[in-house]
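Here the structure is laid out as structure tokens; the discussion comes afterwards.
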Amino acid sequence: MTNLKVIKDALVAVTDRVYHYHAPDNAVPAYIVWAEDSADDFLADNSHVEILMSGTIDLYTLQENDPLFVKVVEALNSIPCAWYLNSTQYEEDTKLIHYEWVFQV
């Protein structure tokens, strides 16, 4: 999945606390979790001519205005992908600020 490697490489350049699908129980904030969750391929002549993968990137942090937020945005802008910020949430139970981006590559 070369397209997904682009996402992983961009995120790992931001921080070494990057996890695929889920973070370990002992993960220390701030950290990033990313996962692919769907495809929307272009079909022609009964073949998948172009493969488009979609997924989410989640930043979990304890810090308001965490510089990692800007670094994730810059990383996404530096690679050939479409993306948007889908939500910002405050997780009451963990006291974490949770940013979620949706990407397509």
Side-chain angles (χ1 to χ4, degrees):
M1 290 281 171
T2 303
N3 292 346
L4 294 176
K5 185 175 182 330
V6 170
I7 293 291
K8 178 184 176 185
D9 290 349
L11 296 174
V12 169
V14 169
T15 179
D16 60 351
R17 294 186 196 149
V18 176
Y19 308 100
H20 195 207
Y21 298 118
H22 65 88
D25 292 337
N26 63 349
V28 177
Y31 59 85
I32 296 170
V33 177
W34 71 280
E36 66 279 13
D37 57 29
S38 63
D40 189 18
D41 299 352
F42 178 69
L43 302 173
D45 293 328
N46 294 321
S47 292
H48 292 255
V49 178
E50 294 287 336
I51 298 172
L52 176 73
M53 298 295 296
S54 298
T56 56
I57 298 166
D58 300 274
L59 169 62
Y60 296 92
T61 181
L62 292 166
Q63 181 181 345
E64 186 175 359
N65 300 316
D66 192 318
L68 278 178
F69 177 89
V70 172
K71 290 181 180 182
V72 169
V73 168
E74 290 172 348
L76 292 172
N77 279 336
S78 73
I79 60 174
C81 81
W83 64 270
Y84 63 90
L85 179 64
N86 190 51
S87 69
T88 303
Q89 307 161 35
Y90 180 71
E91 310 279 343
E92 279 289 333
D93 54 337
T94 60
K95 308 297 184 217
L96 291 171
I97 301 167
H98 173 194
Y99 299 98
E100 179 192 55
W101 292 268
V102 173
F103 70 84
Q104 292 181 321
V105 290

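Distance check, rounded to the nearest 0.5 Å: CG of Leu62 to CG of Leu96 gives 5.0 Å.
Partners of Glu91 by side chain to side chain donor-acceptor pair (under 3.5 Å), not counting sequence neighbours, listed by chain and number: His98. Scored by the side-chain contact (heavy atoms from CB on, under 4.5 Å) test, Ala23 finds Tyr19, Ala27, Tyr31, Val33 as partners (sequence neighbours excluded). By the side chain to side chain donor-acceptor pair (under 3.5 Å) test, Ser87 pairs with Gln89, sequence neighbours left out. Residues satisfying the side chain to side chain donor-acceptor pair (under 3.5 Å) test with Ser54, not counting sequence neighbours, are Gln104. For Asn65, the side chain to side chain donor-acceptor pair (under 3.5 Å) criterion is met by no residue, not counting sequence neighbours. Here Phe69 pairs with Tyr99, Trp101 under the ring pair (Phe, Tyr, Trp, His ring centres under 6.0 Å) rule; sequence neighbours left out. Taking the side-chain contact (heavy atoms from CB on, under 4.5 Å) definition, one finds that Asp25 meets it with nothing, sequence neighbours left out.
Both Tyr90 and Leu59 are members of a single hydrophobic cluster when ILVMFWY side chains are connected at heavy-atom separations under 4.5 Å. Cluster membership for Ile32 and Val102, using ILVMFWY side-chain heavy atoms within less than 4.5 angstrom, is not shared.
Using a 4.5 Å cut-off on side-chain heavy atoms (C-beta onward), Ile57 and Leu11 make contact. For the pair Leu52/Val105, no side-chain contact is recorded, criterion being any heavy-atom separation below 4.5 Å from C-beta on.
Here the closest non-hydrogen pair linking Glu36 and Leu4 is CD-CD1, 3.7 Å. Taking every heavy atom of both residues into account, Asp37 and Thr56 meet most closely at OD2-CG2, 3.9 Å.
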Item to check | Stepwise side-chain contact (heavy atoms from CB on, under 4.5 Å) test for Thr15 and Val18 | outcome: CA-CA 7 Å; Thr15 179; Val18 176; 3.8 Å; yes
Name every donor-acceptor pair, under 3.5 Å, that has one atom in a side chain of residues 70-85 and the other anywhere in the protein, sequence neighbours excluded.
{"unit_1": "Asn77", "atom_1": "OD1", "unit_2": "Trp83", "atom_2": "NE1", "d": "3.2"}
{"unit_1": "Ser78", "atom_1": "OG", "unit_2": "Ala75", "atom_2": "O", "d": "2.7"}

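Sorted by first and then second residue, the salt bridge (Lys or Arg N to Asp or Glu O under 4.0 Å) pairs with a member in residues 95-105 read Glu92-Lys95; sequence neighbours excluded.
In the hydrophobic clustering, where aliphatic and aromatic side chains (Ile, Leu, Val, Met, Phe, Trp, Tyr) are joined below 4.5 Å either directly or transitively, Tyr21 stands alone.
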